[in-house]
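The next block holds one structure in the form of structure tokens; read it before the comments.
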Amino acid sequence: MSISPRLAVAAGLVALFVAIPLVYIFIRAMGAEPEAWQRLLQTRLWKLLSNTLLLVVAVTSGALLTGVSMAWLTERTDLPGKKIFRWMLAMPLAVPAYIGGIVHLALLRPRGGVIPQFLESVFGQPVPTPSPLGFWGAAFILTLFMYPYVYLLSGAAFRTLHASLEEAARVFGRTPMQTLFHVTLPALRPGLTAGALLVALDILAEYGTVALLRYETFSSAIFVQLSGRYDRSAASVLSGILVALAIVILWGELRLQGQARFTQMESAWRPAPLVTLDRWRVPAFLLVLGVVSASLLVPFTVLLIWSIEAFLDPQAMTVLFRTGSQGFGSYVWNSLWSTSAAAVIAVALSLPVALLAVRYPSRFSRFISRLCQVGYAIPGVVIALSLVLLVNRFLPFLYATPFVVVIAYVLRHMPQAVRASESALNQLSPSLEEASRTLGRTSLQTLIQVTLPLILPGLLAGGSLVFLTSLKELPATLLLRPAGFDTLAVRVWVWAGEGFYLQAAPAALLLVLASALPLSFLLRREQIFK
């Protein structure tokens with residue numbers, strides 16, 4: 001089937017829109033003064049590279065271990081309460097990692113933390129407690145709020161795994177442990193590598209948590225160079241290296257996925273029998289409860305207590321509902337309208353790309369689709385830098401307007417919309433569209449009257465993902481927002497950075513609840529939990 005010229009042009013323009021910031025960053029990085037490269041190579045570059053890679057390896061490994069073990073316990077064993085645990089283990093995705101970091105820092109910080117103070121009052125002397133600061137603290141906090149990526153994908157794989165695979169291994173003399181490592185986990189590899197990729201790219205893009213816990217990575221260094229030292233050359237060099245690192249990880253994942261195929265016969269499918277935990281039931285239950293408590297119950301409870309205290313404190317209420325010329329309602333409104341606009345725009349732009357990739361498969365359409373998903377490899381702070389440079393030079397009328405923030409959200413989270421649209425179109429038979437054209441409808445009429453209504457649930461899922469992730473976006477919003485344009489994420493960060501936890505708590509709690517709504521919709525739609 002020949003490619004529709006109008007559709008190819010539309011998809012090409014979308015790909016160009018997505019690619020320009022990436023290309024511009026590389027041009028600026030390559031064109032930076034030799035002194036900027038030399039200064040960074042001699043001082044900070046290798047330290048930043050080692051810090052960033054160490055954190056990526058540690059958090060990805062921790063997320064894989066936690067996610068797979070939680071999925072196995074809730075899907076393949078007779079764990080008590082596993083139905084409710086399935087929901088609770090997924091919901092930390094609604095908690096931005098920097099908000100979790102704020103809570104755990106307030107509880108555990110060496111001087112003035114709630115837990116150290118409580119222990120000192122009980123025992124009459126200081127009691128050593130784990131510090132949330134530095135590498136280990138950042139790795140622990142980020143693992144707590146990143147593992148759901150792996151958990152959701154591996155849980156789905158456990159549910160669809162055919163019982164005969166493990167039975168065959170047992171017939172050939174494999175022990176349960178050998179079966180797990182030689183059969184089950186290799187069959188789960190596509191989901192595990194996809195989850196690990198999401199975690200690794202999120203760690204590369206993470207700014208709020210590492211800045212809060214005083215662990216310097218590429219993202220935090222770029223932010224400081226751009227907002228503190230106003231050194232755009234150094235920021236461009238660091239951004240180019242960070243994006244190259246992300247692309248290498250993305251390429252490695254594609255190569256890894258492309259080396260193997262896993263196929264299960266659908267006929268006579270049956271689930272694998274549950275493993276009886278016996279004497280391990282209580283330890284397993286306590287382990288899952290500990291993960292849920294640290295990643296969901298403790299942050300939510302602390303935010304709720306702080307919010308109640310804030311509403312009972314007249315001074316905190318005054319600051320909360322009126323900061324300068326802005327009120328709390330404006331923070332909510334700014335968050336909702338900007339993320340909603342980004343979701344609508346991203347879904348609309350994803351349509352020509354998805355139609356081209358699904359209905360006209362070719363090398364060109366695959367290239368366009370992959371290019372439009374490059375946002376996975378571009379951290380928010382890098383997108384913000386590219387937009388600052390581009391807007392200042394070519395579109396000065398957009399400078400210091402909220403629309404630049406919306407553009408950043410679209411560029412950063414476009415891949416989610418593209419994948420959701422492609423998935424929805426793949427489930428729609430082309431014969432329905434062909435029948436519509438046979439009856440005299442034009443391609444545009446067919447799209448509006450037939451295709452869009454049928455794939456609407458998939459588009460809503462993609463829009464919900466963009467809304468959810470944009471709502472939590474911090475570095476791009478901090479760098480691009482015009483004066484007086486504060487979102488919930490920005491106010492949480494500013495107030496918490498100043499030590500005003502009571503004022504920050506209601507905004508953080510509302511941000512978590514607003515993120516939980518689209519996440520709940522996605523989980524129900526995908527029938528992840530039955």
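Side chains are part of it too, since the values below use all heavy atoms of this structure and drop only hydrogens, waters and symmetry mates.
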message: Can a side-chain donor-acceptor contact be found between S220 and Y215 if the only test is distance below 3.5 angstrom?
response: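 Judged by distance alone, the side chains do not pair up.
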Closest approach of [X] to [Y] (non-hydrogen atoms, all atoms of both residues):
X	Y	result
A90	L519	O-CD2, 3.8 Å
S154	A71	OG-CB, 3.4 Å
V18	L371	CG1-O, 3.6 Å
F467	P518	CD2-CG, 3.9 Å
A384	L480	O-CD2, 3.6 Å
A58	A139	CB-CB, 4.2 Å

Residues, nucleotides or ligands: over 12 heavy atoms within 6.0 Å of W337 CH2: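 Yes, because the 6.0 Å sphere around CH2 of W337 holds more than 12 heavy atoms from other groups.
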Aromatic ring pairing H104/F140, orientation class (parallel under 30°, perpendicular over 60°, tilted between):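 Perpendicular, since the angle between the ring planes exceeds 60°.
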field: Plane angle bin for H413 and Y409 - parallel if under 30°, tilted between 30 and 60°, otherwise perpendicular
entry: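 The rings of Y409 and H413 sit tilted, inter-plane angle from 30° to 60°.
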Does some side-chain heavy atom of [Y] sit less than 4.5 Å from a side-chain heavy atom of [X]?
X	Y	value
L513	F300	yes
V150	T66	no
L73	L287	yes
F17	V410	yes

- prompt: Short question: side chain of Y147, backbone of L89 - any donor-acceptor pair under 3.5 Å?
  reply: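 Yes, the answer is positive, given that a donor and an acceptor are paired below the 3.5 Å cut-off.
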